[in-house]
Amino acid sequence: MLVLNCSTKLLTLEKMLKRHFPESLKVYGAVMNINRGNPFQKEVVLDSWPDFKAVITRRQKEAETDNLDHYTNAYAVFYKDVRAYQRLLETRDVINWNQVFQIQGLQSELYDVSKAVANSEQLDVKLTSFKAVHFSPVSTLPDTSLLISSPPRLAHLSMADADLLNQTWSRGGNEQCLRYLANLISCFPSVCVCDEKGHPVSWAITDQFATMCHGYTLPEHRRKGYSRLVALTLARKLQSRGFPSQGNVLDDNAASISLLKSIQAEFLPCRFHRLILTPVTFSGQVYL
């Protein structure tokens with residue numbers, strides 16, 4: 001097991017991960033953020049260097065943690081050899097098994113291998129699987145000026161908006177999520193449409209893996225083209241900074257799937273898997 005701290009090697013890793021799109025996208029996004037100031041206090045763990053077969057991004061050991069905060073306690077995984085991933089997962093001190101946490105990735109064996117190791121550590125595992133999405137390069141995105149008759153006011157979210165996002169997110173409604181959303185807003189790009197009073201009515205944010213998430217429009221402001229405008233604007237913002245514009249959508253979210261198709265988003269051949277792992281000691285205390 002090796003913690004990769006050298007800035008030159010981390011930049012090399014970023015380039016190497018790019019050769020393994022789309023399966024490496026989550027780890028790639030995390031590494032890009034590490035190489036650009038590391039606002040979310042992440043680090044990289046590999047089985048070896050430079051010929052690695054498995055890589056995990058995790059929260060730095062010295063970073064402040066809440067053992068119930070699976071939003072922040074999140075690992076991204078990419079492997080060339082699933083057996084190397086399993087060995088890395090089983091290596092002492094790679095994973096903090098004493099807290100609630102997430103594992104994210106875009107490879108099919110991720111759940112079975114992670115669950116097998118988690119069971120040996122007496123953790124419960126909840127899997128949610130999504131369609132993985134990638135937006136077209138900025139030059140081929142549709143012209144947003146044609147989407148609505150009167151231009152709305154576009155802005156970015158502030159930390160004061162975190163409570164609204166926490167109330168409206170299907171995964172929210174708790175203290176850990178509120179803190180997590182405030183951190184995302186302060187660290188990463190966001191876009192919102194504001195009403196005449198300057199209050200957000202439609203928005204999307206970016207998470208710690210450079211993934212577009214929590215796209216939402218208040219019910220009374222729907223069918224105005226705001227969701228499309230927000231998604232395209234955030235995709236452009238990410239691409240202008242060199243990031244891939246990626247997202248996830250649940251299979252039964254027909255409205256979002258229709259929107260993504262209308263803006264020519266690419267549905268990737270791999271699926272996004274999010275595992276939430278809970279130690280027995282915290283069973284019943286966690287918002288999943």
Side-chain angles (χ1 to χ4, degrees), residues 29 39-40 71-72 128 130-131 133-136 138 141-241 243-265 272 274 287:
F40 230 71
Y71 308 94
T72 303
T128 309
F130 304 73
K131 293 180 183 294
V133 179
H134 185 260
F135 286 80
S136 304
V138 63
L141 288 172
D143 184 357
T144 55
S145 66
L146 303 176
L147 298 179
I148 42 184
S149 54
S150 56
R153 179 187 166 194
L154 278 170
H156 58 79
L157 294 164
S158 73
M159 290 180 65
D161 301 317
D163 187 57
L164 174 62
L165 271 66
N166 188 35
Q167 294 174 32
T168 53
W169 200 15
S170 59
R171 298 178 56 209
N174 60 79
E175 177 188 344
Q176 287 80 18
C177 187
L178 176 61
R179 184 171 59 242
Y180 172 67
L181 289 168
N183 286 339
L184 292 185
I185 290 169
S186 69
C187 292
F188 304 121
S190 64
V191 171
C192 65
V193 172
C194 296
D195 63 16
E196 61 278 2
K197 296 180 180 179
H199 299 143
V201 299
S202 181
W203 58 81
I205 60 177
T206 313
D207 74 7
Q208 55 194 307
F209 306 112
T211 304
M212 297 165 61
C213 64
H214 193 4
Y216 189 85
T217 301
L218 296 176
E220 62 270 28
H221 291 277
R222 292 175 184 171
R223 299 188 179 278
K224 297 179 181 179
Y226 290 169
S227 292
R228 175 185 288 222
L229 177 59
V230 165
L232 292 173
T233 304
L234 184 54
R236 282 183 169 143
K237 183 180 285 191
L238 288 168
Q239 291 172 12
S240 71
R241 300 182 183 190
F243 286 85
S245 46
Q246 56 170 317
N248 318 302
V249 60
L250 288 167
D251 293 85
D252 60 358
N253 191 340
S256 292
I257 290 172
S258 177
L259 168 65
L260 290 165
K261 288 180 177 177
S262 74
I263 57 177
Q264 294 127 45
F272 167 57
R274 185 187 71 221
Y287 294 92

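Note that the structure is predicted; figures quoted are calculated from it, not measured.
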With C187, which residues qualify under side-chain contact (heavy atoms from CB on, under 4.5 Å), at least two apart?
-> P39, F40
Partner residues of H134 under the side-chain contact (heavy atoms from CB on, under 4.5 Å) criterion, sequence neighbours left out = P244, E266, L268
Shortest non-hydrogen separation from [X] to [Y] and the atoms involved:
| X | Y | value |
| --- | --- | --- |
| M159 | S186 | SD-CB, 3.7 Å |
| K131 | I257 | CE-CD1, 3.9 Å |
| A204 | L157 | O-CD1, 4.5 Å |
| V230 | W203 | CG1-C, 3.5 Å |
| S245 | M212 | CB-SD, 4.0 Å |
| Q208 | L184 | N-CD2, 3.8 Å |

Say whether, by atom type as modelled, one donor and one acceptor occur between the side chain of [X] and the main chain of [Y] under 3.5 angstrom.
| X | Y | result |
| --- | --- | --- |
| Q176 | T72 | no |
| N253 | L250 | no |
| R153 | V193 | no |
| Q167 | G172 | no |
| S258 | A254 | no |
| T206 | S190 | no |
| N166 | G173 | yes |

Assess whether side-chain contact (heavy atoms from CB on, under 4.5 Å) is satisfied between L260 and F135, documenting all intermediate values.
-> CA-CA 9 Å; L260 290 165; F135 286 80; 3.6 Å; yes
Could you give the distance from [atom1] ([X]) to [atom2] ([Y]), rounded to the nearest 0.5 Å?
| X | Y | atom1 | atom2 | result |
| --- | --- | --- | --- | --- |
| L181 | T168 | CG | OG1 | 8.5 Å |
| T211 | F243 | OG1 | CZ | 11.0 Å |
| L178 | D163 | CG | CG | 6.0 Å |
| I205 | F188 | CD1 | CZ | 10.5 Å |
| T128 | D251 | OG1 | CG | 11.0 Å |
| R274 | N248 | CZ | CG | 8.5 Å |

Using side-chain heavy atoms (C-beta onward) and a distance below 4.5 Å, is [X] in contact with [Y]?
| X | Y | value |
| --- | --- | --- |
| H221 | S202 | no |
| L234 | P189 | yes |
| R228 | L259 | yes |

From CA spacing to verdict: side-chain contact (heavy atoms from CB on, under 4.5 Å), H156, V191 = CA-CA 4 Å; H156 58 79; V191 171; over 6 Å; no
Between the side chains of N174 and Y180, is a donor N or O closer than 3.5 angstrom to an acceptor N or O?
-> no
Centre of Y216's six-membered ring, under 6.0 Å away, within 45 degrees of the axis: is that where NZ or CZ of R171 sits?
-> no
